[in-house]
> 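Please see the structure below; I have some questions.
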Amino acid sequence: MDICYKFSKESFLDFFKLMQSFGQVHAPVRVSEQSFSFRPVEKPEQIAFEALRTILPPKKMFFPQRETLISYSGKEVKDHTPEPLAQVLFGVHPCDLAGLGIMDNIFSAGPPDSHYLARRQATLVVGLSCMPDKHCFCNSMGTDFPHSAYDIFLTDIGEDYYLQIATTLGEKLFDPKPDFIKTIDDQDNQSYKDFWTNRDKAFTSNFKSDNLKQIFDLEKDNPVWEELGKRCLSCGNCTPVCPTCYCFDVIDVASLDGNSGSREREWDSCQFTGFAKVSGDFNFRPGPVDRLKFWYRHKLHGFDDSYGLKTCVGCGRCTVSCPADIDDIVGVVLRLQASQNESKKDESA
Ligand code: SF4
Ligand code: SF4
């Protein structure tokens, strides 16, 4: 159960200084007219509070696009497990928190990923409420409310932020309790409830997500896949922007004299032509249709059995990043569901 307080928006500088006392603060910053990125900030004026989705999700803080795992020189091998300084990630919305929770699961399962976990454990995560735009569908995926992966969460309740503290790390930040932190009353609790109720009404895109496995199993030959496959450029844009896409490649880079080198890990994409190529020059997902179908299934029900969750958190990044207007997940699911309904009607006629 979270510990709840509030503080006035006028006191945000005090809260910011408190975050700085923990470590370097990273927050959404406007980087072009329409885009935002998590960047290090030194003062509150740099933060784009209006940012809805950043270009890359929070995963980039813990799972960088390229990193060295080990290096060698002669017979000496060096382990590059990071020793990160404490840092704060501010302004993470509920869908991205859900994405972070999924990545935490994935990188902790099996042999724990020391690189990811070292950075994750050094980070205080501060969530922030938001209002959806037309591309958001986290309400369909059950990720529209903060459930986990945050230490502190702020909800905008007008002149104040409603403050939830979820972890021991978060509690330590407020010990001793600073003067700008205030006790909440019934009115604040009502304002908090009103915010989330109004936000719920603000969604314009949604679908029912309780039959996705059935839809993807039964509609695997639906014409929609051929249509999308014809337009897909296999550019792979949709995967780096996804908060839960984690595929990577590991490559060995040797020096020309053969005496030194490194083992690098870098992001990969299941939408690239060569991703599923194996020895013998066989490619088990050779065309865009196969790759798109795989990706949609993976996002919308592929993890149901192993993790009991879906890996799409409804952030809308793939929709806004696809140069071919393909990744309209809501539109595709609604079409598949409509086909299913039609088939059921035909059977009962
Ligand atoms: S599949 Fe698209 S909408 Fe879903 S989490 Fe990934 S980027 Fe966001
Ligand atoms: S971003 Fe669009 S065009 Fe590019 S690989 Fe993904 S679905 Fe295909």
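Just so it is clear, the structure is predicted and the values come from calculations on it, not from any experiment. Whatever order the structure lists ligands and atoms in, that order sets their numbers, starting from 1.
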> For atom 5 (S) of ligand 1, what's the nearest protein heavy atom and its distance?
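Result for atom 5 (S) of ligand 1: Val313 N, 3.2 Å.
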> Atoms of ligand 1 less than 4.0 Å from Lys299 heavy atoms?
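Numbered from 1, ligand 1 contributes 1 (S).
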> With the threshold set at 4.0 Å, does a side-chain nitrogen-carboxylate oxygen contact exist between Arg199 and Asp156?
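A salt bridge is absent here (no side-chain N lies under 4.0 Å from a carboxylate O).
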> Ring-plane angle category for Phe12 and Phe16, please: parallel below 30°, perpendicular beyond 60°, tilted otherwise.
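If you compare the ring of Phe12 with that of Phe16, the planes turn out tilted.
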> What protein heavy atom sits nearest atom 4 (Fe) of ligand 2, and how far away is it?
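Its nearest protein heavy-atom neighbour is Cys235 SG, 2.3 Å.
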> Around atom 3 (S) of ligand 2, find the nearest protein heavy atom and jot down its residue, atom name and distance.
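Heavy-atom neighbour on the protein nearest atom 3 (S) of ligand 2: Leu233 N, 3.3 Å.
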> Around atom 7 (S) of ligand 2, find the nearest protein heavy atom and jot down its residue, atom name and distance.
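Among all protein heavy atoms, the one nearest atom 7 (S) of ligand 2 is Asp327 OD2, 3.4 Å.
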> Which word best sums up how the rings of Trp225 and Phe216 line up, parallel for under 30°, tilted for 30 to 60°, or perpendicular for over 60°?
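Correct class here is tilted.
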> Looking at atom 8 (Fe) of ligand 1, what's its closest protein heavy atom, distance included?
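That would be Cys315 SG, 2.4 Å.
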> Can you tell me how the ring of Phe63 sits relative to the ring of Phe248, calling it parallel under 30°, perpendicular over 60° and tilted otherwise?
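It falls in the perpendicular class, over 60°.
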> Aromatic rings Phe145 and Tyr192: how do their planes relate, parallel, tilted or perpendicular, breaks at 30° and 60°?
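Perpendicular.
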> Any N/O/S atom from Cys242 (main chain or side chain) under 2.8 Å of atom 6 (Fe) of ligand 1?
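Checking atom 6 (Fe) of ligand 1 against Cys242, an N, O or S atom does fall under 2.8 Å.
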> Which part of Ile329 is near ligand 1, with near meaning a heavy atom under 4.0 Å away: side chain, backbone, both or neither?
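The side chain, only.
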> Name the option, out of Gly236, Gly229, Ser321, Cys238, that contains the heavy atom nearest to atom 6 (Fe) of ligand 2.
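Nearest option to atom 6 (Fe) of ligand 2, by heavy atoms: Cys238.
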> Of the protein's non-hydrogen atoms, which lies at the shortest distance from atom 2 (Fe) of ligand 2, and what is that distance?
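Looking at atom 2 (Fe) of ligand 2, the protein heavy atom closest to it is Cys322 SG, 2.4 Å.
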> At a 4.0 Å threshold, what atoms of ligand 1 neighbour a non-hydrogen atom of Phe137?
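With Phe137 as reference, the close atoms of ligand 1 come out as 3 (S).
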> Between Arg297 and Asp217, does any NZ, NE, NH1 or NH2 come within less than 4.0 Å of an OD or OE carboxylate oxygen?
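Looking at Arg297 together with Asp217, the answer is yes, because their closest N to O distance falls below 4.0 Å.
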> Identify which one of Ser234, Ser269, Cys270 satisfies the side-chain contact (heavy atoms from CB on, under 4.5 Å) criterion when paired with Arg291.
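Looking at Ser234, Ser269, Cys270, the match for Arg291 under the side-chain contact (heavy atoms from CB on, under 4.5 Å) is Ser234.
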> Between the side chains of Asp186 and Gln190, is a donor N or O closer than 3.5 angstrom to an acceptor N or O?
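The answer is no; no qualifying pair exists.
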> Numbering the atoms of ligand 1 from 1, which are under 4.0 Å from a heavy atom of Gly316?
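Under 4.0 Å from Gly316, ligand 1 has these atoms: 3 (S), 8 (Fe).
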> Below 4.0 angstrom from a heavy atom of Pro243, which ligand 1 atoms are there? Numbered from 1 as shown, please.
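In order of number, 5 (S), 6 (Fe), 7 (S), 8 (Fe).
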> At under 4.0 Å between heavy atoms, is it the side chain or the backbone of Ser234 that contacts ligand 2, or both, or neither?
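For Ser234, the contact with ligand 2 is made by the backbone alone.
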> Check for me whether Leu292 has a heavy atom closer than 4.0 Å to any atom of ligand 2.
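Yes, that is the case, since the closest heavy atom of the residue is under 4.0 Å from the ligand.
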> What atoms of ligand 2 come closer than 4.0 angstrom to any heavy atom of Asn237?
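So the answer, numbered in order with elements, is 1 (S).
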> For Tyr161, does the six-membered ring have the charged nitrogen or CZ of Lys6 within the cation-pi criterion, i.e. under 6.0 angstrom from the centroid and within 45° of the normal?
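No.
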> Taking only heavy atoms of Cys318, which atoms of ligand 1 are found under 4.0 Å from at least one of them?
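Answer for ligand 1: 1 (S), 2 (Fe), 3 (S), 7 (S).
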> Is the distance between the ring centroids of Phe137 and Phe207 under 6.0 Å?
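Centroid distance Phe207-Phe137: below 6.0 Å, so yes.
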> Salt bridge (Lys or Arg N to Asp or Glu O under 4.0 Å) between Arg66 and Glu264: does it pass, once the steps are laid out?
CA-CA 7 Å; Arg66 183 168 182 149; Glu264 309 284 330; 3.7 Å; yes
> Start with the C-alpha distance between Arg335 and Glu219, add both sets of side-chain angles, then the distance that settles salt bridge (Lys or Arg N to Asp or Glu O under 4.0 Å), and finish with yes or no.
CA-CA 10 Å; Arg335 277 185 68 180; Glu219 296 296 328; over 6 Å; no
> Below a 4.0 angstrom heavy-atom separation, can you tell me which part of Trp295, side chain or backbone, both or neither, approaches ligand 1?
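It is the side chain that touches ligand 1; the backbone stays farther off.
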> Do you see an N/O/S atom of Cys232, backbone or side chain, under 2.8 Å from atom 8 (Fe) of ligand 2?
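Yes - counting backbone and side chain alike, Cys232 has an N, O or S atom under 2.8 Å.
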